[in-house]
2 protein chains.
Amino acid sequence: MESRTGEPRHAAAPPTRRRGRELQQAIYQATFEQLREVGYAGLTMDGVAAAARTGKAPLYRRWPDKDALLVDALRDRLPSADDIPLAGDLRSDLIAILRFLRGACAITADTALQTVKQQSEGVHAMMRERISEPTRRLILETLRAAEERGDTRPGSATPLTARVGPAMIAYQNLSAPTELTDEFVVSVVDEVLLPMLRGPA
Amino acid sequence: MESRTGEPRHAAAPPTRRRGRELQQAIYQATFEQLREVGYAGLTMDGVAAAARTGKAPLYRRWPDKDALLVDALRDRLPSADDIPLAGDLRSDLIAILRFLRGACAITADTALQTVKQQSEGVHAMMRERISEPTRRLILETLRAAEERGDTRPGSATPLTARVGPAMIAYQNLSAPTELTDEFVVSVVDEVLLPMLRGPA
DNA sequence: AATTTAAGAGACCCACTGGTCTCCTAAATT
DNA sequence: AATTTAGGAGACCAGTGGGTCTCTTAAATT
């Protein structure tokens with residue numbers, strides 16, 4: 001409005017202009033901010049652009065549509081199941097795996113993530129591939145190894161029992177995200193999983 | 001288009017015109033049809049009206065907005081926790097309660113219900129009050145009674161263990177709704193809950 | 001039979017949002 | 001320093017959907 005020619009802007013916003021990876025990260029961060037503030041339903045490209053203090057053009061230059069942005073933003077921030085530190089001990093491994101899930105849930109700090117997962121087929125597929133599937137596989141392996149060692153009752157390692165941990169995390173995240181604490185994770189292992197695995201058939 | 005005056009419509013749609021409760025039920029049914037076909041995201045008032053073969057006016061004459069319609073439609077169709085037949089036997093009571101939950105999930109036959117629950121605060125509140133809360137209370141009572149009788153290990157009846165059943169149902173409904181069968185319910189009780197409740201502390 | 005109520009159909013308005021495009025210029029590159 | 005690349009800001013367009021309103025007429029009521 002006031003200064004349209006090259007005359008130096010006195011003290012307004014520092015005329016910095018981010019590029020490439022730096023801008024990309026700012027956009028990802030803005031996406032999560034928006035997700036947290038207005039939820040998936042209220043998420044708009046304009047909103048993300050504004051939150052990232054950029055325009056829509058740079059968004060559409062990078063991603064073909066909103067869905068693709070979501071998928072990339074989430075993928076960038078989700079932890080990898082490969083990083084789960086496994087020691088070969090039933091209890092500590094179960095705790096480690098569920099902690100990983102808890103971390104995955106925590107990236108949006110509220111239910112938004114679950115909602116997004118259901119609304120966007122792309123996000124759903126990515127999360128299944130990156131989180132759900134490897135986690136369940138890992139748990140089942142852990143359970144089988146424990147059963148083999150005789151640490152748990154015979155027949156305790158099944159696809160069904162392997163789902164209990166993830167189910168508890170997801171349910172808690174859905175119904176009371178703030179209570180999805182590390183103590184909760186430990187409680188699930190000690191009060192639910194271990195009794196179930198060692199209890200009588 | 002063709003016959004605008006009073007001349008009798010030859011063989012077109014039977015000129016029936018529903019009213020009151022009959023129409024209301026037709027609207028509820030149309031709502032679920034739409035939910036099933038296009039999901040929550042695609043649910044529109046026009047769509048519901050069309051599916052119910054009526055106009056938008058009757059919709060807005062009954063409900064102030066989409067949310068209110070959803071809440072009423074769901075409330076009308078959800079089973080009541082009061083109808084759960086309890087016998088006083090741990091296993092059969094657990095099965096009965098989880099069957100009830102399964103039935104509640106089944107009313108839209110896919111993930112739509114979970115999605116709606118998260119998108120609409122009104123629906124969420126209603127379901128918490130009508131389904132989640134009474135169910136958890138019921139389960140905890142059942143667990144406490146069993147523990148008191150000595151059917152389960154001491155300390156097995158806790159808010160946490162009471163959540164396991166609902167968590168498994170919800171998780172399955174989310175990840176593989178078609179496999180949320182009655183056998184699944186029974187398996188959860190026999191392979192997860194009972195071992196957990198009877199296993200060693 | 002006359003009257004009242006509300007259903008069915010759809011026009012209409014408006015806000016919003018996804019997506020495109022343009023213009024100017026800061027930053028990177030040569 | 002000159003040139004190229006792409007960021008920031010926002011105008012613009014088109015489609016959509018929520019919500020209101022109107023008009024005709026079927027059904028219920030008196």
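Values below: all heavy atoms of this structure, side chains included; hydrogens, waters and symmetry mates excluded. Each chain gets a letter, A, B and so on, in the order its sequence line appears, and its residues count up from 1.
A heavy-atom distance below 4.5 Å is not found between the side chains of B/Glu179 and B/Phe184. You'll find the side chain of B/Leu69 reaches within 4.5 Å of the side chain of B/Ile27, heavy atoms only. Looking at A/Ser132 and A/Lys117, their side chains come closer than 4.5 Å, going by heavy atoms from C-beta outward.
Side-chain N/O atoms of B/Arg62 include one lying less than 4.0 angstrom from OP1 or OP2 on C/dA7. Side-chain N/O atoms of A/Thr54 include one lying less than 4.0 angstrom from OP1 or OP2 on D/dG8. In terms of phosphate contacts, B/Tyr60 brings no side-chain nitrogen or oxygen within less than 4.0 Å of OP1 or OP2 of D/dT20. For the OP1/OP2 pair of D/dG17 and a distance below 4.0 Å, the side-chain nitrogens and oxygens of B/Thr44 include no atom meeting the criterion.
As rounded to whole Å, 12 Å separates atom C1' of C/dG18 from atom OH of A/Tyr40. Here the P atom of nucleotide C/dA7 and the CZ atom of B/Arg21 are 14 Å apart, to the nearest Å. When the C1' atom of C/dA15 is taken as reference, atom CE of B/Met45 falls 17 Å away, rounded to whole Å. In this entry the distance linking CG of A/Leu69 with P of C/dG18 reads 11 Å, nearest Å. Rounding to whole angstrom units, CD of residue B/Gln24 and P of C/dA7 are separated by 11 Å. B/Leu59 places its CG atom 15 Å from the P atom of D/dG17, with the value rounded to the nearest Å. Taking atom CD of A/Glu22 as the reference point, atom P of C/dA26 lies 17 Å away to the nearest angstrom. For the pair B/Arg53 CZ and C/dG10 P, the computed distance is 13 Å after rounding to whole Å.
Counting only distance, with no hydrogens or angles, the side chain of A/Arg198 and the backbone of B/Met196 share no donor-acceptor pair below 3.5 Å. Using a distance-only test at 3.5 Å, with no hydrogens or angles considered, a donor-acceptor pair links the side chain of A/Arg102 to the main chain of A/Leu180.
To the nearest 0.5 Å, atom CD1 of residue B/Ile84 and atom CG of residue B/Asp93 are 9.5 Å apart.
Looking at the side chain of A/Arg17, the nearest of the listed nucleotides C/dA26, D/dG19, D/dA26 is C/dA26. In this structure, of C/dT5, D/dG7, C/dG8, it is C/dG8 that holds the atom nearest to the side chain of B/Pro58. Side-chain proximity of A/Asp46 to C/dG18, D/dG19, C/dG8: nearest is C/dG18. When distances are taken from the side chain of A/Lys66 to each of D/dG18, C/dG19, C/dA27, the shortest belongs to C/dG19.
Projected onto DNA chain D by closest heavy-atom contact, B/Asp65 and B/Arg18 fall at different nucleotides, the more 5' of which corresponds to B/Asp65. DNA chain D is contacted by both B/Ala41 and B/Arg19; B/Ala41 maps to the nucleotide lying nearer its 5′ end (nearest heavy atom per residue).
Contacts of B/Leu43 with the nucleic acid, taken as non-hydrogen atoms under 4.0 Å apart, involve only primed sugar atoms and P, OP1 or OP2. When heavy atoms are screened at a 4.0 angstrom cut-off, B/Ala57 is found touching base atoms of the nucleic acid. B/Gly47 comes within contact range of no nucleotide atom at all, as no heavy-atom separation falls under 4.0 Å. At a threshold of 4.0 angstrom between heavy atoms, the contacts of B/Arg61 include nucleobase atoms, whether or not backbone atoms are also involved.
Residue-to-nucleotide contacts include a donor-acceptor pair under 3.5 Å from the side chain of A/Lys56 to the base of C/dG19.
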